Enquirer: 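Take this structure first; my questions come after.
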Amino acid sequence: MNYWLMKSEPDAFSIDDLKKVKTEPWDGIRNYQARNMMRDDMKKGDQIFFYHSNADEIGIVGIMKVVKEAYPDHTAINPKAKYYDPKSSPDNIRWQMVDVGFVKKFKRIITLDELRQHEKKLKDMALLRKGNRLSILPVTKQQWDYILTLA
DNA sequence: GCCAACGTTGGC
DNA sequence: GCCAACGTTGGC
């Protein structure tokens with residue numbers, strides 16, 4: 001079982017939105033590294049931290065899981081979609097997505113600030129590394145368990 | 001709204 | 001294959 005962290009701007013899609021709809025196709029990923037992780041390493045049942053970015057309160061807000069493994073992100077070939085990709089075509093969709101399911105919302109948000117305060121315990125957590133803008137990040141079991149104790 | 005830190009594109 | 005220009009992300 002692998003562990004992940006996925007970012008979303010709560011204005012666009014928040015943990016409360018996920019709680020309401022239960023499952024959601026995680027479309028719009030347009031970064032090769034992130035796509036490759038979804039395609040190659042994300043397995044059904046993997047656990048994911050839901051992270052709110054670009055918000056009043058930035059941080060981890062809950063847990064979701066992979067309910068469907070990677071498949072083509074058809075929004076890439078929809079000219080009206082927000083993340084339309086003119087270089088993709090129906091027989092060559094460059095992007096993939098997974099479906100995620102709601103697991104739980106934390107009673108409180110584990111803010112980025114707080115995570116930084118635990119930097120030593122969360123050694124080399126990808127999220128805390130400088131300049132990291134990937135919207136999907138791997139989390140180690142140790143980091144996962146430690147963050148759960150914070151929550 | 002600013003800007004640092006990227007990733008991507010495209011001309012050469 | 002290099003790299004300048006451009007676009008995007010995301011914290012502040």
Side-chain angles (χ1 to χ4, degrees), chain A residues 2-21 24-42 46-66 69-100 102-140 142-144 146-151:
Chain A
N2 287 317
Y3 299 91
W4 307 95
L5 178 145
M6 289 166 97
K7 302 176 182 174
S8 179
E9 302 192 7
D11 286 347
F13 188 77
S14 73
I15 183 103
D16 291 322
D17 294 328
L18 181 61
K19 188 174 183 181
K20 235 175 281 170
V21 298
E24 175 79 0
W26 204 266
D27 61 10
I29 300 294
R30 299 290 180 267
N31 171 286
Y32 287 109
Q33 259 181 281
R35 180 204 65 185
N36 293 349
M37 280 192 276
M38 282 197 295
R39 187 191 58 196
D40 303 335
D41 300 324
M42 262 195 194
D46 281 2
Q47 306 246 90
I48 309 163
F49 283 135
F50 196 132
Y51 179 91
H52 280 178
S53 65
N54 270 327
D56 289 343
E57 282 198 303
I58 293 163
I60 298 170
V61 290
I63 297 174
M64 51 191 177
K65 65 181 176 187
V66 178
E69 294 179 12
Y71 60 104
D73 180 351
H74 52 77
T75 67
I77 54 169
N78 175 2
K80 290 189 178 139
K82 187 176 175 197
Y83 295 103
Y84 173 60
D85 170 28
K87 295 198 171 157
S88 285
S89 59
D91 53 356
N92 181 28
I93 296 181
R94 295 201 293 180
W95 307 109
Q96 308 244 118
M97 59 186 171
V98 297
D99 286 359
V100 297
F102 178 81
V103 175
K104 71 185 289 190
K105 180 184 175 179
F106 290 153
K107 291 199 177 68
R108 64 185 190 89
I109 183 170
I110 315 294
T111 64
L112 182 58
D113 264 358
E114 183 174 355
L115 291 170
R116 287 222 176 90
Q117 285 165 26
H118 296 272
E119 207 157 10
K120 280 194 179 154
K121 295 274 187 168
L122 296 172
K123 230 168 139 226
D124 295 326
M125 189 177 181
L127 176 72
L128 302 178
R129 276 205 288 269
K130 191 180 165 192
N132 175 44
R133 303 174 309 149
L134 268 188
S135 57
I136 301 178
L137 298 166
V139 176
T140 67
Q142 288 82 355
Q143 291 159 359
W144 180 273
Y146 186 72
I147 289 169
L148 282 187
T149 68
L150 297 178

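Note on naming: letters A, B, ... go to the chains in the order of the sequence lines (proteins, then strands), and numbering restarts at 1 for each one. Nothing here was measured: the structure is a model prediction, and the numbers come from that model. For the numbers below, each heavy atom of this structure counts, side chains included, while hydrogens, waters and symmetry mates do not.
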Enquirer: When you check the gap from the basic side-chain N to the acidic O, do A:Asp85 and A:Arg94 get nearer than 4.0 Å?
Expert: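 Salt bridge flag = yes for A:Arg94 with A:Asp85.
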Enquirer: Walk me through it: do A:Trp95 and A:Tyr32 pass the test ring-ring contact (aromatic ring centres under 6.0 Å, His included)?
Expert: CA-CA 8 Å; A:Trp95 307 109; A:Tyr32 287 109; 4.7 Å; yes
Enquirer: Applying side chain to side chain contact (heavy atoms under 4.5 Å, CB included), run through A:Asp46 and A:Trp4 and close with a yes or a no.
Expert: CA-CA 8 Å; A:Asp46 281 2; A:Trp4 307 95; 3.0 Å; yes
Enquirer: Using chain A heavy atoms and a threshold of under 4.0 Å, write down where along DNA chain C the contacts begin and end, 5' to 3'.
Expert: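 Taking any atom under 4.0 Å from a heavy atom of chain A, the span is C:dG7 to C:dC12.
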Enquirer: For the pair A:Phe50 and A:Phe13, name the ring-plane relationship: parallel under 30°, tilted 30 to 60°, perpendicular over 60°.
Expert: parallel
Enquirer: Using a 4.5 Å cut-off on heavy atoms from C-beta on, say whether the side chain of A:His118 contacts that of A:Ile147.
Expert: no
Enquirer: Quick one: label A:Arg116 by what it contacts on the DNA or RNA (base, sugar-phosphate, nothing), any heavy atom closer than 4.0 Å.
Expert: sugar-phosphate
Enquirer: If we ignore hydrogens and angles and just use 3.5 Å, is the side chain of A:Arg129 paired with the main-chain N or O of A:Asp124 as donor and acceptor?
Expert: yes
Enquirer: Distance-only, no hydrogens or angles: does the A:Asn78 side chain make a donor-acceptor pair with backbone N or O of A:Thr75 under 3.5 Å?
Expert: no
Enquirer: Check DNA chain B against residues 83-99 of chain A and give the residues with a non-hydrogen atom under 4.0 Å, in numerical order.
Expert: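 Only A:Lys87, A:Arg94 qualify.
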Enquirer: Is there a side-chain contact between A:Ile136 and A:Gln33 in this structure, where contact means two heavy atoms from C-beta onward sitting under 4.5 Å apart?
Expert: no
Enquirer: Provide the closest heavy-atom pair for A:Tyr3 versus A:Trp144 in the form atom of the first, atom of the second, distance.
Expert: CD2-CD2, 3.2 Å
Enquirer: Where each residue is assigned the nucleotide of DNA chain C containing its nearest heavy atom, which of A:Arg133 and A:Leu112 is assigned the position nearer the 5′ end?
Expert: A:Arg133
Enquirer: Using heavy atoms and a sub-4.0 Å distance, could you list which residues of residues 30-37 of chain A are near DNA chain C? By number, please.
Expert: none
Enquirer: Taking all atoms of both residues into account, what is the closest heavy-atom pair of A:Met38 and A:Val98, and its distance?
Expert: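 Looking at all heavy atoms of both residues, the closest pair is SD-N, 4.0 Å.
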